[in-house]
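What follows is a set of notes on a single structure, which appears directly below.
The shown structure was predicted, so the numbers you read here are calculated from the model rather than taken from an experiment.
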Amino acid sequence: MSNRKNIIGVIGILVLVASFLIFLLISGPREAIDWTGLAFVFLAEIIFFGGISFIDQIASKTSGVFLRAGAFSILTIYGVLSVILSLVFVQFFRSDLRLLVTIQLLLLLVCMIILIVLTASSKGIDRRNLATECAVANMQALHDFAVKLERDPANQQFAAPLRRIAEAIHFSDFASVSVKDAELQEKLTALQSLLERDTAEKETLIDQHVKELLFVIDQRNRDVKSMKAGQI
């Protein structure tokens, strides 16, 4: 990352120096609009290369691909338009210094607003991605727990109903969070306690608990489906 940042910085400095040398080589008297145009060219180049370096740094903490692509496009458009505006005014509208400054400042303001919106959006994407990762990890843990109960030799008598639970969880939506997740976890833990008991009514209790678990899983699936339908 530091090497990339250094390369961007060196290229930016070279572009600034080249722009200034080209400006000095152009013959003719220097007026306020010439220096103003040059200042906005410098500003556009600084914002472009500085912006790329800054975005590259924070992109590792946010949704990188989305932020890099969007910011690079906006910075490029801003830089090109700013340079073109300066050149056009210097060549054809030399008396309209105030108009040049106004348009350049408005262009800069629009660029900054769009970059702020992009950064905020990328952070929102990160929060959703993190929530999805947590949901997947939680459901995977519940599925692994159910599979563990099924494959435990001590539970061989109840392997079939335990397999139904593991399969029901397996075919659930792992990427979504539901209010039923905590209840599902509690019932799986309670099922483990029932399996460890040695009582006459053990088989009846487990059969009833398996039905409750399957019902909770079905409720979770309905809840997730309803939640997703509401987001469309």
Problem - Polar contact flag, side-chain donor to acceptor under 3.5 angstrom, Gln140-Asp144 - result: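 On atom types as modelled, these side chains qualify, holding a pair under 3.5 Å.
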Is [Y] reachable from [X] through a run of I, L, V, M, F, W or Y residues, each pair having side-chain heavy atoms under 4.5 Å apart?
| X | Y | value |
| --- | --- | --- |
| Val80 | Val88 | yes |
| Leu142 | Phe215 | no |
| Leu100 | Phe92 | yes |
| Phe171 | Val224 | no |

Problem - Heavy-atom check, side chain of Phe158 versus side chain of Glu203, under 4.5 Å - result: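 Yes. Closest side-chain heavy atoms under 4.5 Å.
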Exercise for the section: Applying side-chain hydrogen bond (donor to acceptor under 3.5 Å, both in side chains), name anything that partners Arg164, two or more places apart in sequence or on another chain. Expected result: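 Checked Arg164 against side-chain hydrogen bond (donor to acceptor under 3.5 Å, both in side chains); zero matches.
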Handout entry: Gln156 CD: over 12 foreign heavy atoms closer than 6.0 Å
Key =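 Atom CD in Gln156 is not packed in, count stays at 12 or less.
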Problem - CZ/Phe145: more than 12 non-hydrogen atoms of other groups inside 6.0 Å - result: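 Yes.
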Roughly how far apart are [X] [atom1] and [Y] [atom2], rounded to 0.5 Å?
| X | Y | atom1 | atom2 | answer |
| --- | --- | --- | --- | --- |
| Leu191 | Leu205 | CG | CG | 11.0 Å |
| Ile47 | Leu115 | CD1 | CG | 9.0 Å |
| Thr189 | Leu194 | OG1 | CG | 11.0 Å |
| Gln104 | Leu99 | CD | CG | 10.5 Å |
| Ser172 | Glu167 | OG | CD | 11.5 Å |
| Ile33 | Ser95 | CD1 | OG | 7.5 Å |

Exercise for the section: Apply salt bridge (charged side-chain N to carboxylate O under 4.0 Å, His left out) to Asp218 and Arg222, showing your working. Expected result: CA-CA 6 Å; Asp218 182 65; Arg222 293 175 182 272; 2.9 Å; yes
Exercise for the section: With sequence neighbours excluded, give me every salt bridge (charged side-chain N to carboxylate O under 4.0 Å, His left out) pair touching residues 175-190. Expected result: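 Output for this query lists Lys180-Glu183, Asp181-Arg220, Lys187-Glu212.
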Nearest non-hydrogen partners of [X] and [Y], listed with the distance:
| X | Y | result |
| --- | --- | --- |
| Val147 | Ala166 | CG2-CB, 4.0 Å |
| Ser178 | Asp223 | OG-OD2, 2.7 Å |
| Leu105 | Phe40 | CD2-CE2, 4.4 Å |
| Ser86 | Gly37 | OG-O, 3.4 Å |
| Ser82 | Leu107 | N-CD2, 3.8 Å |
| Ile217 | Leu184 | CG1-CD1, 3.7 Å |

Practice task
Identify, with sequence neighbours excluded, every residue that meets ring-ring contact (aromatic ring centres under 6.0 Å, His included) alongside His209.
Solution key: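 His209 satisfies ring-ring contact (aromatic ring centres under 6.0 Å, His included) with no other residue.
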Exercise for the section: Report the C-alpha separation of Leu195 and Leu162 in whole Å, then their side-chain angles, then the decisive distance to 0.1 Å, and conclude whether the side chain to side chain contact (heavy atoms under 4.5 Å, CB included) test is met. Expected result: CA-CA 11 Å; Leu195 289 167; Leu162 293 175; 4.2 Å; yes
Exercise for the section: Evaluate the criterion side chain to side chain contact (heavy atoms under 4.5 Å, CB included) for residue pair Ile165 and Leu149; output intermediate values, then yes/no. Expected result: CA-CA 10 Å; Ile165 294 172; Leu149 292 178; over 6 Å; no
Practice task
Under the side chain to side chain contact (heavy atoms under 4.5 Å, CB included) rule, what do Leu85 and Ile103 come out as? Steps first, then yes or no, please.
Solution key: CA-CA 8 Å; Leu85 273 172; Ile103 295 176; 3.4 Å; yes
Practice task
Go through the steps for His143 and Met139 under the test side chain to side chain contact (heavy atoms under 4.5 Å, CB included), then give the verdict.
Solution key: CA-CA 6 Å; His143 176 260; Met139 288 300 295; over 6 Å; no
